[in-house]
Amino acid sequence: MFDFLISKMRVALLSLGLIAGLSACAATYTNHGYVPPPEVLSEIGIGASRDQVAEIAGAPGSAGVVRDEAWFYTQYRVRNFTYNAPQVIERDIVAISFSDAGRVTNIERFGLEDGQIVQLSRRVTESSVRDVGFFAQILSNFGRINIADALGG
């Protein structure tokens with residue numbers, strides 16, 4: 001009788017371990033950002049002011065980008081597996097363009113399938129590293145070392 005109970009407990013623990021192991025391999029999904037729904041975007045007409053857009057759709061928050069010429073709303077869904085890198089499976093970007101006078105000139109929507117790259121910043125930082133290989137830079141410094149100074153003499 002005691003052996004029967006131990007056998008049943010082993011089967012139960014093995015089943016529980018198998019279920020836990022398989023559930024760890026299941027994907028988890030996370031959603032990030034905000035994009036106004038189409039019915040809200042349809043209320044924004046060409047020529048609307050920034051203030052009107054902010055009142056109707058809200059200003060882009062931390063997930064969006066605000067620039068003088070456009071507001072970008074971004075939303076994306078990420079699939080995570082236990083041991084794999086996260087993968088963006090859905091992406092939605094809405095760009096509302098403004099004229100110099102602050103009026104809406106265009107509303108565009110881009111998805112993951114569009115493959116559009118939206119440049120969010122035009123700032124360029126120049127590198128101080130010359131177009132010389134790593135080892136070439138190290139070897140070029142060997143002639144500049146004074147051994148007496150290096151040894152404290």
Side-chain angles (χ1 to χ4, degrees), residues 2-141:
F2 187 67
D3 291 335
F4 177 73
L5 288 175
I6 291 177
S7 173
K8 286 288 191 181
M9 285 179 37
R10 284 183 184 163
V11 169
L13 287 174
L14 183 62
S15 299
L16 191 60
L18 184 62
I19 290 170
L22 290 175
S23 66
C25 295
T28 59
Y29 298 89
T30 55
N31 298 311
H32 304 274
Y34 166 74
V35 168
E39 56 272 7
V40 172
L41 291 174
S42 67
E43 295 179 27
I44 300 171
I46 301 299
S49 69
R50 278 191 179 93
D51 291 336
Q52 290 172 323
V53 172
E55 185 177 314
I56 295 169
S62 62
V65 175
V66 176
R67 293 189 353 199
D68 289 339
E69 66 271 9
W71 285 2
F72 295 94
Y73 298 86
T74 60
Q75 180 177 5
Y76 55 98
R77 182 173 173 91
V78 179
R79 178 175 53 204
N80 296 293
F81 284 109
T82 305
Y83 298 110
N84 296 332
Q87 179 183 16
V88 176
I89 58 170
E90 293 177 26
R91 179 182 64 208
D92 198 11
I93 298 173
V94 170
I96 300 178
S97 303
F98 295 99
S99 67
D100 291 337
R103 298 290 181 179
V104 174
T105 58
N106 196 11
I107 299 174
E108 297 176 280
R109 180 178 292 261
F110 304 103
L112 188 62
E113 65 279 352
D114 295 325
Q116 296 284 341
I117 297 174
V118 177
Q119 182 179 359
L120 299 179
S121 177
R122 292 186 181 162
R123 291 179 289 184
V124 177
T125 303
E126 294 203 17
S127 173
S128 62
V129 178
R130 295 176 296 169
D131 192 18
V132 178
F134 175 73
F135 290 111
Q137 287 183 9
I138 289 176
L139 293 174
S140 69
N141 288 325

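Values reported hereafter were calculated over all heavy atoms of this structure, with side chains retained and with hydrogens, waters and symmetry mates removed. Since the model is a prediction, treat every value here as computed from it, not as a measurement.
Between Pro36 and Tyr34 the shortest heavy-atom distance is CA-OH, 3.4 Å. Here the shortest heavy-atom pairing between Phe98 and Arg50 reads CE2-CG, 3.4 Å. For the pair Val35 and Thr74, the tightest heavy-atom approach, listed with the atom from each and the gap, is CG2-C, 3.7 Å.
In this structure, the side chain to side chain contact (heavy atoms under 4.5 Å, CB included) partners of Glu90, at least two apart in sequence or on a different chain, are Arg77. Partners of Ile46 by side chain to side chain contact (heavy atoms under 4.5 Å, CB included), not counting sequence neighbours, listed by chain and number: Val104. With sequence neighbours left out, the side chain to side chain contact (heavy atoms under 4.5 Å, CB included) criterion links Thr30 to His32, Val78, Asn80. Taking Ala95 as the reference, Phe72, Phe110 meet the side chain to side chain contact (heavy atoms under 4.5 Å, CB included) condition, with sequence neighbours excluded. Judged as a side chain to side chain donor-acceptor pair (under 3.5 Å), and not counting sequence neighbours, Glu43 has no contacts.
Expressed to the nearest 0.5 Å, how far CD1 of Ile56 lies from CG of Leu41 amounts to 9.5 Å. Between the CD atom of Gln87 and the CD1 atom of Ile89 there is a distance of 7.5 Å, given to the nearest 0.5 Å.
The salt bridge (charged side-chain N to carboxylate O under 4.0 Å, His left out) contacts involving residues 92-107 comprise Asp92-Arg109, where partners must be two or more places apart or lie in separate chains.
Heavy-atom neighbours of Glu108 CD from other residues, nucleotides or ligands within 6.0 Å: above the threshold of 12.
Tyr73 places a side-chain N or O within donor-acceptor distance of the main-chain N or O of Gly58, the cut-off being under 3.5 Å.
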